[in-house]
Amino acid sequence: MGHEFTIFAGTANPALAAAIACELGVDVGACTVDRFPDGEVAVEIREPVRRKEVFLVQPMAPPVNDNLVELLALADACRRAAAACITAIVPYLAYTRSDKRHGRREPITARVIADLLQAVGIARVFTMDLHTPQIEGFFYVPVDSLTAVPTVCRALGDLLPPDVAVVSPDSGRVGMATHYAQCLGAPVIVLHKRRESASDTKVTHIVGDVSGRPCLIVDDMISTGGTMAESIAALLTAGARPEIIVAATHGLLLVGARAKLQHPAVRAVFVTDTVSVTERDWPQLRVVSIAPALASALTRFLADGATGELC
Ligand code: R5P
């Protein structure tokens with residue numbers, strides 16, 4: 001590989017940072033990420049980074065704001081220590097659902113996040129399955145949005161019945177569902193979802209025929225689990241076979257999400273390790289690692305500056 005580089009990790013997902021470092025044949029760099037007594041973030045880079053390429057691995061998982069500030073502080077520390085180039089590896093970028101205003105006095109927080117990351121000297125961002133691709137345009141610096149779809153498809157393997165239909169739980173996920181469907185050779189069904197509140201959604205229409213079919217519902221994230229629960233209920237009411245698999249890139253799995261997905265028809269719940277999954281003792285839950293996909297993108301980037309096929 002061309003450049004000298006070091007990988008540092010915040011506290012959001014050190015296991016993922018270690019897995020990426022292992023794939024690249026290096027150790028994670030020495031740094032301390034702690035808290036001052038009042039809760040402020042305390043960061044120290046404990047090895048030289050002068051003229052080095054630096055990768056900071058920090059998904060913006062809950063606690064979102066703490067993890068964001070850790071990333072900002074790590075980047076600022078590297079910038080002040082004369083790192084040559086700082087790349088943020090933020091497999092889950094938070095606030096991306098705030099990408100437009102719904103009312104006149106709302107912020108576009110995704111844009112604020114982009115500004116903050118760039119203000120501390122981050123020169124490139126690697127992320128995974130961005131909520132909407134146009135968020136890349138909020139940044140002046142390059143953003144490489146990789147996708148977990150091929151990795152998850154490989155993991156789904158033989159578990160999928162041959163007549164499975166891929167289901168997009170809302171219009172925003174049609175692109176992702178189509179990608180899954182192409183990888184799996186399956187048809188796409190689209191649900192029309194209306195959001196009633198931050199945790200409640202309602203499916204109003206189904207585009208496509210699900211009767212008698214097992215379904216794979218795909219999404220970028222499972223947060224409260226409300227979208228998936230509502231989708232499962234709507235598909236079963238429409239006559240889908242009670243054989244449902246759920247797959248999402250970012251398994252935030254907030255408190256209560258597991259209970260919402262605990263439906264007898266749900267055979268498996270696939271998520272990746274973009275955020276650290278702490279749920280134990282959940283037989284249906286399968287966590288697929290995207291470390292190899294990220295490491296291979298970084299290898300290509302280090303070799304010639306191009307990430308090639310973004311998957
Ligand atoms: C919404 O547009 C997203 O793509 C997800 O469907 C949603 O954020 C999932 O959240 P929850 O699990 O809380 O329904």
Side-chain angles (χ1 to χ4, degrees), residues 7-20 28 31 33-35 39-43 54-79 86-100 107-139 141-148 172 198 219-224 248-255 257 271-279 287 289-291 293-294 297-298:
I7 297 176
F8 293 105
T11 62
N13 196 345
L16 176 65
I20 295 171
V28 176
C31 71
V33 182
D34 210 339
R35 295 289 182 274
E40 289 176 352
V41 166
V43 157
V54 166
F55 296 118
L56 304 176
V57 181
Q58 179 78 335
M60 284 166 58
V64 174
N65 301 332
D66 280 16
N67 286 330
L68 165 66
V69 177
E70 277 188 16
L71 175 60
L72 298 174
L74 282 165
D76 190 60
C78 292
R79 179 170 66 99
I86 303 167
T87 296
I89 301 172
V90 193
Y92 170 62
L93 190 66
Y95 287 109
T96 49
R97 285 173 288 184
S98 174
D99 60 349
K100 58 182 151 325
I108 299 181
T109 316
R111 172 56 200 256
V112 177
I113 299 297
D115 287 348
L116 287 172
L117 298 185
Q118 291 166 122
V120 292
I122 288 169
R124 185 173 204 107
V125 177
F126 278 84
T127 187
M128 209 97 202
D129 288 321
L130 265 183
H131 182 61
T132 48
Q134 58 269 31
I135 284 167
E136 177 186 349
F138 292 1
F139 291 81
V141 300
V143 175
D144 287 302
S145 182
L146 315 182
T147 177
D219 211 342
D220 57 335
M221 67 182 92
I222 302 172
S223 184
T224 65
T249 304
H250 313 296
L252 303 182
L253 300 174
L254 304 185
V255 175
V271 294
T272 79
D273 57 355
T274 55
V275 303
S276 144
V277 177
T278 49
E279 276 285 358
V287 182
S289 182
I290 44 82
L294 275 167
L298 292 182

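Note that these values count all heavy atoms, side chains included, but never hydrogens, waters or copies made by symmetry. Keep in mind that what you see is a predicted model, and the values were worked out from it rather than measured.
Of the candidates V33, V120, L117, I89, L117 is the only one forming a side chain to side chain contact (heavy atoms under 4.5 Å, CB included) with L71. Between V275 and the options L252, L16, L253, a side chain to side chain contact (heavy atoms under 4.5 Å, CB included) holds for only L252. The only member of V141, I86, T87 that meets side chain to side chain contact (heavy atoms under 4.5 Å, CB included) when paired with R124 is T87. Applying side chain to side chain contact (heavy atoms under 4.5 Å, CB included) to L93 and the options T274, V143, L68, L130 leaves one that passes, L130. Of the options R97, H131, H250, a side-chain hydrogen bond (donor to acceptor under 3.5 Å, both in side chains) to D220 is made by H131 and by none of the others.
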Can you check side-chain contact (heavy atoms from CB on, under 4.5 Å) on D99 and F138, steps first, answer last?
CA-CA 9 Å; D99 60 349; F138 292 1; 4.3 Å; yes
Walk me through it: do V57 and N13 pass the test side-chain contact (heavy atoms from CB on, under 4.5 Å)?
CA-CA 8 Å; V57 181; N13 196 345; 5.7 Å; no
May I have the step-by-step check of side-chain contact (heavy atoms from CB on, under 4.5 Å) for Y92 and M128, ending in yes or no?
CA-CA 6 Å; Y92 170 62; M128 209 97 202; over 6 Å; no
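Heavy atoms only, all atoms of each residue included: V54 and L56 are closest at CG1-CD2, 3.6 Å. Minimum heavy-atom separation, S98 to T109: OG-N, 2.9 Å. In plain terms, the two heavy atoms of G251 and V271 that are nearest each other are CA-CG1, 3.7 Å. Among all heavy-atom pairs drawn from V28 and A18, the shortest one is CG2-CA, 3.8 Å. Residues N67 and A61 come closest through the heavy atom pair ND2-O, 2.8 Å. For the pair V43 and A77, the tightest heavy-atom approach, listed with the atom from each and the gap, is CG1-CB, 4.3 Å.
Looking at heavy atoms from C-beta onward, V112 lies out of side-chain contact with P107 at the 4.5 angstrom threshold. At a threshold of 4.5 Å between non-hydrogen side-chain atoms, the residues S289 and T272 do not count as touching.
Looking only at distances, a side-chain donor or acceptor of T127 sits under 3.5 Å from a matching main-chain atom of V90. Side-chain atoms of Q58 do not come within 3.5 Å of backbone N or O of E70 as any donor-acceptor pair. Distance alone, capped at 3.5 Å, places no donor-acceptor pair between the R35 side chain and the V41 backbone. Distance alone, capped at 3.5 Å, places no donor-acceptor pair between the D273 side chain and the S276 backbone. Using a distance-only test at 3.5 Å, with no hydrogens or angles considered, no donor-acceptor pair links the side chain of T132 to the main chain of Q134.
No donor-acceptor contact under 3.5 angstrom links the side chains of E136 and S145, judged on distance only. In summary, the side chains of D129 and T249 do present a donor paired with an acceptor at a separation below 3.5 Å, with no hydrogens or angles considered. A side-chain donor-acceptor contact under 3.5 Å links Y95 and N65.
F55 contributes atom CZ, which lies 5.0 Å from atom CG of L298 (distance to the nearest 0.5 angstrom). Taking CD1 from I290 and CG from L146, the interatomic distance works out to 8.5 Å, rounded to the nearest 0.5 Å. Between atom OG1 of residue T96 and atom CE of residue M60 there is a gap of 8.5 Å, rounded to the nearest 0.5 Å.
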